[in-house]
Q: 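Quick one: structure below, then a few questions.
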Amino acid sequence: MTTELPKSFDPAVLEPIVRAAWESHRAFAADPSDPGEPYSIVIPPPNVTAALHLGHALNNTLQDILIRKHRMRGDNAVWLPGTDHAGIATQTVVEKRVFQEEGKRRTDFARDEFIGRIQAWKDDYEARITEQLKAMGCSCDWDRQAFTMDPPRAAAVREAFFRLFADGLIYRGKRLVNWDPATQTALADDEVEMEEIDGHFYYLRYPLADGSGHVTVATTRPETMLGDTAVAINPRDPRAADLRGQSVRLPIVGREIPIVEDNYVVMPVRFGGDDKDPKAVLATGFLKVTPAHDPNDHEIGRRHNLAVINVLAPDGTISDRHGWTDIGDAGFVLGQTREDARQAIVHWFKVNGLLEEIKPYRHSVGHSYRSHVAIEPYLSDQWYCKVTDPRLAGAALAAMAEDQRDGAKKDAAASSDHSPKSALRFHPARYARTFQTWHENIRDWCISRQLWWGHRIPVWSSPAGRVSPANFADPANVSIRAMDDAQFVCLRTHDDAAVAVLESAGFTQDPDVLDTWFSSALWPMSTLGWPDADAIADPRSALNVWNPTSVLCTAREIITLWVSRMVMFNLYFLNRLPFRDVFIHAMIQDGHGQKMSKSLGNGVDPMDIIHSHGADAMRFTLTGMATNTQDVRLPVDMVDPVSAETFTPHYITDSAGYTVAAPIQQAPSDPRRKMVSSYGVASGKAHATPDQPVARNTSAKFDFGRNLCNKLWNAGRFVMMSLANAPAPAGDPASTTQPARTTHPQSSTAPAPTNAAAPSTHPAPFTAPAPANAPAPTTLADRWILSRLARAVRDADEGLGAYRFDQYAKVCYDFFWRDFCDWYLEAIKPAMRDPASAPASAAVLATTLDQVLRLMHPAIPFITETLWSQLNSVRPIRGLVGIDAPPSELLIHARWPAPSSRWIDDSAETQWQRLQDIVGAIRNLRNEHKVEIKKRVKVAIAAPPDIAADLAVHIALIDLLATCDSSLSSASPSSTAARATAAGVELYVEGLVDESAEKQRLAKRREELTRAIAAMKARLDNPGYIAKAPPRLVEQSRAQLADAESELAKIPDA
RNA sequence: GGGCGAUUAGUUCAGUUGGCUAGAACGCACGGAUCACACCCGUGAGGUCACAGGUUCGAGUCCUGUAUCGCCCACCA
């Protein structure tokens, strides 16, 4: 039965079966009370704004590899899944959707009603994301799935806010914030994108108040002049002395404002300014100071005690209702947008003869990452978290690994195990610098957002009302602080009675919500039960077992947004790190080095790849791409929806200077084309019907993984067929290979059978007994493959330990395909026609496949799990002395291979390498002379006595692998024999008559040898080389020279 | 402006502390329906390691500079 595997594997059929098996066994469930070293990862919670993209696929594949490997090692491994509510992003998406579909704006709804809409969106996308992760094979503990706004996470937010508030680390500040006039909310610095803009420098004349003349200020934003409260000049400016104490009359408004001296002002070039500084070139030396609308001016205003006059409404229009009273003649701009006001004011200056000049100026301007409109520095009341406090940023800096601070030792330090395990380490180490610089220059964190979707700020205030702790039933859960002459009351938990007290005293709750990163910052704590009192008190609680987590896997773009804040909060609230390692993986770009994005249409949907190639194929390809670099490229193929042809898109530059994909004629307007990036987004439309082709981006790169899976499938099939007749283990095979795990499928606490037997530390494979009836391998092929296996296991482990997933993938690939399939399987085919007669080889074969499946399972879990169950049902002898292969019903719970250095066999590898060289040389000769594939040729091998003795034993292998009949001889070339040299022996293939081919080949070889001899001679003639190079290398060079010369001597002259 | 990367075969990438004739995969060329696999097998071609200096017996690797590309941070005069 078991040998009836289909010829090629079908992921669409197999993956759901394997998923069901894992689910029914509750294979991903973890329990903090399990023995085993804790190993935990929290998922970087994807935003519920959209379905997962390829970057997520990479991110989660790598995490799953780590989790699966550690689970197999017997560690108490848990992977905590969840999603992020992503305040601004999600609200914006839903607002846009509602407006498109219903023509309604957010303000047309009641707050709760609109939140309900967003909630529905969230439910939808959370489900999709979860399904995507499951389809990818992510072995998250789904019982612990979290959402940054669900009740447990809300409790964490309340507790954290309360503690920070009571400790004075949260304050209310009237500050300039990055205001997005479109969404009417404040943005964090990180949410602002800089864009280069072609703007202008406007030179405006401000008359001196005494009428004796004017000063000329230069500005890119003339409209803000309405809020000017000073003109500044550098004290070193030669004109400063004459103007000291003077003031100017602000045009339009008529406000009299002082001339102040401040070092911030850039000196114009003619007074000694730096001529390389474009500002100095353009500057007049007079700076208009608008404290309410420019961060630097705000600082100047503080230094000189200037008035702060806000002339804008929250929507970005000029307004006299938000702090501006002396409007003078400015009535004509009231109500205008920033852009219109700019034109109007410039026009006013022009007609009044006060506009001196306009010069073009290219500069960068902050834009909202959401609405893409220009950010307005805007004065408003916001809540701040005082991350500049030493207890936060300082603690984060102190937690860094010593050898990663100040860029010490660079990447070499990342993999060293010498520094204390308790420190925060980055992999690759260069990212430690990003983290350090951020904290050294950190500014207080604006945590309030003018949104509806998010954690409502748990503070009530009243300008007039007053309360005291005595008013509350539970004063310990109330924190009262006075700021700005008002009382602010923070409630620790949801408490209707306390709210009633506040409301009756005239208090109202702050309408704002918290920055989405506030809840994200608590993620490694809140997903594990904090702040539940029992969780904190119990040393065996999930919180105390799994926090600190083992590693955080993420992309570099959120080191400052997220990593930093988790470190600060975890240290502050729990006095320990949220994770020890931070692994920063590469970002996936398209084949042109551009980010994948919806607007470029170059994104690749993981679900498309799962459908076309299979989850394993996608995972393996991504694993191989996870190199140490900061970007990797994935050339994207697009599928034309009409012709169904695949092609590589080219790019054009649009009128705005942006590069855009130009893949398909009229692509953006073709409704079918839109489905490219909307798999799973435009619900129900993603699945193509046969008569309606759907364009889906893909990449030929995924063929790499698919080919590997297919190869593994067929190799597995072949091994299984071979072993079907092989000896089975003594005793009752069924009971040893089929542990009865299915008898307790509901028990999440039951560890895997293999792990249960293991101590809490790693299994000790060297002491594990081999099967009593395991025959000892004796053949060269067996010794060789076991030696290669031992190295592969060691190297794979090393790669994973250093977060070098590409190395892990390569080791698996090379060992499995090159060694196991290309050479080992070919070599043992004769023996496997009757495995019972070669029990040792059968045991080696079964053991090797067993280990290959274990080794590759973390990367390609579905196909390996499928083959594992097949191997279990064949029941061959598995395991050898030194190679522990304890049975397990499911591979996901099977024990991770441990390096078995006892099988590393240099002599076998040397001998095998010689065979490979000889076989390669004979195959080469055959090909050069166009010998038919099945024709056996006669080969005479002339070898020195010691090598000849070795070869005599294995001559049958040469005959098998090179399709020849070879004989060892002492060099008796017939005149017509084609010849070659390999591995120190000479080969003569009889009967190859194509003399021109042979001559060509020899001429080429002669040239190669001549070149090599010249290079060697030059090297050895260099006295410095002889004197300074290690003797080993000099010896090697001499030997190579001798070999090359002797081979050349034997080549007959043309 | 500050920082971090990258530049190696047609393409995507490896290349450990400097040391064999610089490797792999895909693609390409030639041969092959062989009883695991044509998503395969065998063989081969293909590289001035971005450029210019330097250190060294020896540089893809270390140093300096240049160019191009990318990312992060800062910056509305």
Side-chain angles (χ1 to χ4, degrees), chain A residues 5 7-8 189-190 194 197 199 201-202 217-221 224 232 265-266 276-277 279 282-284 286-290 293-297 361 363-366 374-377 412 430-431 433-434 437-438 441 556-557 559-560 587 589 591 593-595 613 617 624-625 627-635 699-701 703-704 706-722 806-807 810 813-814 818 821-822 825-826 829 833 920 923-924 926-928 930-934 963 1008 1011-1012 1015 1019 1022-1030 1032-1033 1036-1037 1040:
Chain A
L5 293 168
K7 200 167 173 180
S8 67
D189 290 344
D190 326 84
M194 303 310 292
I197 295 292
F201 246 109
Y202 301 89
V217 298
T219 181
T220 56
R221 297 204 56 197
T224 63
V265 181
V266 173
K276 284 182 201 120
D277 179 354
K279 272 184 197 164
L282 293 164
T284 64
F286 295 101
L287 173 67
K288 64 188 271 306
V289 183
T290 324
H293 296 289
D294 182 288
N296 295 308
D297 291 10
Y361 183 57
H363 60 142
S364 28
V365 175
I375 289 300
E376 187 63 42
R430 61 176 179 272
Y431 293 112
R433 186 190 286 266
T434 308
T437 319
W438 170 258
N441 301 301
R556 65 178 179 282
E557 58 185 356
I559 291 175
T560 56
M587 310 253 300
Q589 303 175 333
Q594 304 183 104
K595 268 188 184 176
H613 289 73
M625 285 172 67
T627 63
N628 219 4
T629 53
Q630 70 175 11
D631 302 308
V632 289
R633 289 181 178 197
L634 184 90
S699 173
K701 274 211 140 187
D703 294 352
F704 170 70
R706 186 201 51 194
N707 293 353
L708 175 100
C709 290
N710 187 61
K711 187 73 175 175
L712 179 60
W713 181 258
N714 281 290
R717 211 159 57 92
F718 173 71
V719 173
M720 245 74 88
M721 283 195 296
S722 301
D806 60 323
Q807 281 178 15
K810 186 168 167 40
Y813 184 95
D814 287 344
R818 302 277 87 97
C821 293
D822 287 355
L825 289 186
E826 293 304 323
K829 269 179 181 173
R833 297 210 173 97
R923 285 172 175 173
N924 182 358
R926 295 176 57 109
N927 262 285
E928 299 280 343
K930 305 205 185 307
V931 178
E932 280 175 45
I933 203 89
K934 287 181 198 165
T963 323
E1008 278 173 12
R1011 218 173 336 149
R1019 188 175 296 173
N1022 182 342
Y1025 182 64
I1026 306 292
K1028 297 190 185 176
R1032 173 179 65 83
L1033 287 172
Q1036 200 181 318
S1037 301
Q1040 281 167 351

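Convention: sequence-line order gives letters A, B, ...; per-chain numbering from 1.
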Q: Could you give the CG-to-P distance, from Leu1033(A) to rA59(B), as a whole number of Å?
A: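 To the nearest whole Å, that distance equals 14 Å.
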
Q: Where is the tightest heavy-atom contact between Leu825(A) and Cys821(A), given as atom of each residue plus distance?
A: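 Looking at all heavy atoms of both residues, the shortest contact is CB-O, 3.7 Å.
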
Q: Under 4.0 Å, heavy atoms only, any strand: does Val265(A) hit a base, just the sugar-phosphate, or nothing?
A: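 Base contact - Val265(A) has a heavy atom under 4.0 Å of at least one base atom.
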
Q: Check the pair Asp814(A), Arg818(A) against salt bridge (Lys or Arg N to Asp or Glu O under 4.0 Å), reporting the backbone distance first and the verdict last.
A: CA-CA 5 Å; Asp814(A) 287 344; Arg818(A) 302 277 87 97; 5.6 Å; no

Q: Output the single nucleotide from rC4(B), rG42(B), rG44(B) whose closest atom is nearest the side chain of Asn924(A).
A: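 Shortest atom-to-atom distance from the side chain points to rG44(B).
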
Q: What is the nucleic acid contact for Arg1011(A), judged by heavy atoms within less than 4.0 Å: base, sugar-phosphate only, or nothing?
A: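 Contact class for Arg1011(A): none.
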
Q: Check the distance between rA77(B)'s P and Lys288(A)'s NZ and give it to me in whole angstrom.
A: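 The distance from NZ of Lys288(A) to P of rA77(B) comes to 10 Å, rounded to the nearest Å.
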
Q: Across all strands shown, which nucleotide pairs with rA52(B) by Watson-Crick or G-U wobble geometry, both distances under 3.5 Å?
A: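 Check on rA52(B): paired to rU64(B), both distances under 3.5 Å.
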
Q: Could you tell me which non-hydrogen atom of Leu708(A) sits nearest to which non-hydrogen atom of Tyr813(A), and how far apart they are?
A: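 Closest heavy-atom pair between Leu708(A) and Tyr813(A): CD1-CD1, 3.5 Å.
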
Q: Output the rounded distance in Å from CZ (Arg633(A)) to P (rU7(B)).
A: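 About 11 Å, once rounded to whole Å.
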
Q: Let me know the distance between CE of Met587(A) and P of rC72(B), rounded to the nearest Å.
A: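 Going from CE in Met587(A) over to P in rC72(B) covers 7 Å.
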
Q: Arg433(A) CZ to rC73(B) C1': how many Å, rounded?
A: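 Answer to the nearest Å: 13 Å.
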
Q: Between P on rC75(B) and CG on Leu287(A), what's the gap in Å once rounded to a whole number?
A: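 Interatomic distance, CG of Leu287(A) to P of rC75(B): 16 Å.
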
Q: Looking across every strand, which nucleic acid part, if any, lies under 4.0 Å from Pro1030(A) by heavy atom: base, sugar-phosphate, or nothing?
A: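 The residue Pro1030(A) makes base contact.
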
Q: Identify the heavy atoms of Val217(A) and Lys288(A) that sit nearest to each other, and give their distance.
A: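 Smallest heavy-atom distance, with atoms named: CG1-N, 3.9 Å.
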
Q: Give me the distance, rounded to whole Å, that separates rA14(B) from rA6(B) when you measure between the C1' atoms they each carry.
A: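 Roughly 15 Å separates the two C1' atoms.
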
Q: Using atom CD1 of Ile559(A) as one end and atom P of rC71(B) as the other, report the distance to the nearest whole Å.
A: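 That distance rounds to 16 Å.
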
Q: Would Lys829(A) count as a cation-pi partner of Phe718(A), with NZ or CZ less than 6.0 Å from the six-membered ring centre and within 45° of the ring normal?
A: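 Yes - Lys829(A) lies over the ring of Phe718(A), closer than 6.0 Å to its centre and within 45° of its axis.
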
Q: Using a 4.0 Å cut-off on protein heavy atoms (strictly under), produce a 5'-to-3' string for nucleotides 23-37 of chain B with B for base contact, S for backbone-only sugar-phosphate contact, and - for none.
A: --S--------S-BB

Q: Atom CZ of Phe286(A) to atom C1' of rA77(B): distance rounded to whole Å?
A: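 Computing the Phe286(A):CZ to rA77(B):C1' distance gives 13 Å.
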
Q: Looking at CG of Asn707(A) and NZ of Lys711(A), how far apart are the two atoms once the value is rounded to the nearest 0.5 Å?
A: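 NZ of Lys711(A) is found 10.0 Å from CG of Asn707(A).
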
Q: Is the phosphate of rC72(B), meaning OP1 or OP2, less than 4.0 Å from a side-chain N or O of Thr434(A)?
A: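 Answer no for this pair, as no side-chain N or O of Thr434(A) is under 4.0 Å from OP1 or OP2.
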
Q: Are a donor atom and an acceptor atom from the side chains of Asn714(A) and Arg717(A) found within less than 3.5 Å of each other?
A: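 Side chains of Asn714(A) and Arg717(A): pair found under 3.5 Å.
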
Q: Using the closest heavy atom to pick a nucleotide of RNA chain B for each, name whichever of Arg1019(A) or Ala218(A) lands nearer the 5' end.
A: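 Between the two, 5'-proximity favours Arg1019(A).
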
Q: Please determine if a side-chain N or O atom of Thr629(A) lies less than 4.0 Å away from the OP1 or OP2 oxygen of rA14(B).
A: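 Checking Thr629(A) against rA14(B): at least one side-chain N or O falls below 4.0 Å of OP1 or OP2.
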
Q: Rounded to the nearest 0.5 Å, what separates atom OG1 in Thr224(A) from atom CD in Glu376(A)?
A: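 CD of Glu376(A) is found 8.5 Å from OG1 of Thr224(A).
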
Q: Under a 3.5 Å cut-off for both distances, is rA33(B) Watson-Crick or wobble paired, and to whom?
A: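 Checking every strand shown, rA33(B) finds no partner, since no pair has both distances under 3.5 Å.
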
Q: Would you measure the distance from the C1' atom in rC49(B) across to the matching atom in rC13(B) and give it in whole Å?
A: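 To the nearest whole Å, 14 Å.
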
Q: How far apart are the C-alpha atoms of Ile559(A) and Tyr431(A), what are their side-chain angles, what is the distance that settles it, and do they pass the side-chain contact (heavy atoms from CB on, under 4.5 Å) test?
A: CA-CA 8 Å; Ile559(A) 291 175; Tyr431(A) 293 112; 3.9 Å; yes

Q: For the pair Arg926(A) (side chain) and Thr963(A) (backbone), establish whether a donor and an acceptor sit closer than 3.5 Å, ignoring hydrogens and angles.
A: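 Flag set: sc Arg926(A) to bb Thr963(A) pair under 3.5 Å.
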
Q: Does Arg923(A) or Thr219(A) map to a spot on RNA chain B nearer the 5' end, using the closest nucleotide for each?
A: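 First, find each residue's nearest nucleotide; the 5'-ward one identifies Arg923(A).
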
Q: Taking atom types as they are modelled, is there a donor-acceptor pair under 3.5 Å from the base of rC39(B) to the side chain of Arg706(A)?
A: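 Side chain to base: pair present.
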
Q: Side chain of Tyr1025(A): nearest nucleotide among rG19(B), rG44(B), rA77(B)?
A: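 Nearest nucleotide to the side chain: rG19(B).
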
Q: Write out a two-atom table: protein N or O, nucleotide N or O from nucleotides 45-49 of chain B, distance below 3.5 Å.
A:
{"residue": "rA45(B)", "atom": "OP1", "partner": "Lys1004(A)", "partner atom": "NZ", "Å": "2.9"}

Q: Does a side-chain heavy-atom distance below 4.5 Å link Arg556(A) with Asp631(A)?
A: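 Answer yes - side chains close enough.
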
Q: For rC4(B), does OP1 or OP2 lie under 4.0 Å from any side-chain N or O of Arg430(A)?
A: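 Checking Arg430(A) against rC4(B): no side-chain N or O falls below 4.0 Å of OP1 or OP2.
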
